[in-house]
Amino acid sequence: MDLHQGRQLAHRILHGSAASAWQASADTIEELSLDLLPGWYDDWATLRAEDWRQLRIHALERLAEIFMAAGRYADAVAAAHAAIRADALRESSQSCLIRAHLAEGNPSEAMRDFDRYARRLHSELGLSPTTHLRRLVPGAMNRGREPVTGTPALSQRLPPWPTRNHQ
């Protein structure tokens, strides 16, 4: 990928107007999804790659926000998914995805993605989603209530929340 061009694109999204990002397309999301020097493990390369990864995740999350505000929910979901592919445990990216599903009127999708994230976060890091994220998802705070779908309650599918509050 052309790092200079990608950085310019990311900075335009982060610091430009929402109107300029309105013109963003699937190509924009694809360009921000590209890794820098994949498979290179020299110190200089990994540092540059990490700088790019952080910048593009922030740009993808901002792009998802702009798309949601414009009612472009499919694009918002795509941008959030691209950010999650860059870091599956990053809660702000998960929050973008969940909010896009909710804005589009798909609470079941929001719950499904929340559930997937909560399981992965617990299995890989022994952590639970923050209270902030749980408040976004209908039913996640009401731990004993059965979902409308008839599947086991979220509290029965997930390990118990730790007593420490991760805010």
Side-chain angles (χ1 to χ4, degrees), residues 1-137 140 166-167:
M1 71 154 296
D2 182 337
L3 180 60
H4 181 69
Q5 181 180 334
R7 288 176 54 83
Q8 284 182 334
L9 175 61
H11 284 293
R12 275 196 312 271
I13 291 167
L14 289 170
H15 305 295
S17 68
S20 66
W22 168 254
Q23 298 170 6
S25 66
D27 290 339
T28 305
I29 295 169
E30 187 175 329
E31 187 170 343
L32 291 172
S33 297
L34 297 173
D35 288 329
L36 176 66
L37 300 173
W40 288 48
Y41 300 105
D42 296 332
D43 287 343
W44 69 269
T46 56
L47 290 173
R48 281 287 182 106
E50 179 58 20
D51 287 346
W52 167 241
R53 188 182 73 81
Q54 286 292 325
L55 178 61
R56 70 190 175 102
I57 290 172
H58 282 95
L60 286 163
E61 289 174 350
R62 174 75 177 122
L63 198 54
E65 297 288 337
I66 292 167
F67 285 151
M68 276 186 273
R72 292 175 60 183
Y73 303 117
D75 291 329
V77 168
H81 272 296
I84 290 167
R85 282 190 302 275
D87 186 347
L89 297 175
R90 185 180 172 103
E91 188 163 312
S92 57
S93 299
Q94 298 289 339
S95 176
C96 283
L97 178 61
I98 288 167
R99 286 183 288 110
H101 286 314
L102 293 173
E104 192 174 24
N106 292 314
S108 64
E109 290 286 337
M111 180 59 91
R112 189 175 10 258
D113 283 320
F114 173 83
D115 188 35
R116 185 179 305 120
Y117 172 67
R119 287 182 174 283
R120 185 169 193 175
L121 186 64
H122 185 267
S123 71
E124 292 188 26
L125 299 177
L127 298 174
S128 297
T130 64
T131 301
H132 172 76
L133 188 65
R134 286 187 282 139
R135 284 187 179 137
L136 289 178
V137 182
H166 301 285
Q167 288 191 25

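FYI, side chains are in, hydrogens and waters are out, and symmetry mates aren't considered; it's all heavy atoms of this structure.
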Colleague: For L32 and W52, what are the C-alpha separation, side-chain angles and deciding distance, and is it a side-chain contact (heavy atoms from CB on, under 4.5 Å)?
Modeller: CA-CA 9 Å; L32 291 172; W52 167 241; 3.9 Å; yes
Colleague: Just how far is it from atom CG of L133 to atom CZ of R135, taken to the nearest 0.5 Å?
Modeller: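 Going from CG on L133 over to CZ on R135, the span is 11.5 Å.
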Colleague: Heavy atoms only: give me the nearest V77-A100 pair and the separation to one decimal.
Modeller: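 Reported closest heavy-atom pair: CG2-CB, 3.9 Å.
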Colleague: Which residues pass the side-chain hydrogen bond (donor to acceptor under 3.5 Å, both in side chains) test with E61, sequence neighbours left out?
Modeller: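 For E61, the residues satisfying side-chain hydrogen bond (donor to acceptor under 3.5 Å, both in side chains) (neighbours in sequence not counted) are R90, S92, S93.
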Colleague: Can you name the nearest heavy-atom pair linking H58 to Q54, along with the distance?
Modeller: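 Between these two residues, the closest heavy atoms are ND1-O, 2.8 Å.
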Colleague: Heavy atoms, side chains only, cut-off 4.5 Å: are R12 and Q8 in contact?
Modeller: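 Yes - at least one pair of side-chain heavy atoms lies under 4.5 Å apart.
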Colleague: So does Y117 get a backbone contact from the side chain of Q94, meaning a donor-acceptor N/O pair under 3.5 Å?
Modeller: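 Not a single qualifying donor-acceptor pair exists.
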Colleague: Identify whether the distance between the nearest side-chain nitrogen and carboxylate oxygen of D115 and R112 falls below 4.0 Å.
Modeller: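 Looking at D115 and R112, the cut-off is not met.
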Colleague: Taking all atoms of both residues into account, what is the closest heavy-atom pair of A86 and R53, and its distance?
Modeller: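 Nearest pair, atom of A86 first, then R53: O-NH1, 3.4 Å.
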Colleague: If I take atom CZ from residue R62 and atom CG from residue L14, how far apart are they, to the nearest 0.5 angstrom?
Modeller: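 Reported to 0.5 Å precision, the distance equals 8.0 Å.
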Colleague: Once salt bridge (charged side-chain N to carboxylate O under 4.0 Å, His left out) is applied, what residue pairs with a partner in residues 97-107 remain, sequence neighbours excluded?
Modeller: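 Residue pairs with at least one partner in residues 97-107: E65-R99.
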Colleague: If you round to the nearest 0.5 Å, how far is CG of L55 from NE2 of H11?
Modeller: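 So the NE2 of H11 and the CG of L55 are separated by 4.5 Å.
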Colleague: Measuring from atom CG of L125 to atom CG of L89, what distance do you get when rounded to the nearest 0.5 angstrom?
Modeller: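 Here the interatomic distance stands at 5.0 Å.
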Colleague: Please give me the minimum heavy-atom distance between F114 and R134, naming the atom from each residue.
Modeller: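 Looking at all heavy atoms of both residues, the shortest contact is CZ-CG, 3.5 Å.
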Colleague: Rounded to the nearest 0.5 Å, what separates atom CZ in R56 from atom CG in L63?
Modeller: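 So the CZ of R56 and the CG of L63 are separated by 13.5 Å.
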Colleague: If I compare all heavy atoms of A110 with all of L102, which pair ends up nearest, and what's the gap?
Modeller: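 Of all heavy-atom pairs spanning A110 and L102, the closest is CB-CD2, 3.7 Å.
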Colleague: Taking all non-hydrogen atoms of both residues, which atom of A64 and which atom of C96 are closest, and how far apart?
Modeller: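 For A64 versus C96, the nearest heavy atoms are CB-CB, 4.3 Å.
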Colleague: Can you list the residues that meet the side-chain hydrogen bond (donor to acceptor under 3.5 Å, both in side chains) rule with R85, with sequence neighbours excluded?
Modeller: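 Scan of R85 (side-chain hydrogen bond (donor to acceptor under 3.5 Å, both in side chains), adjacent residues dropped) gives none.
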Colleague: To the nearest 0.5 Å, how far apart are CG in L136 and CD1 in I98?
Modeller: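 That separation rounds to 6.5 Å.
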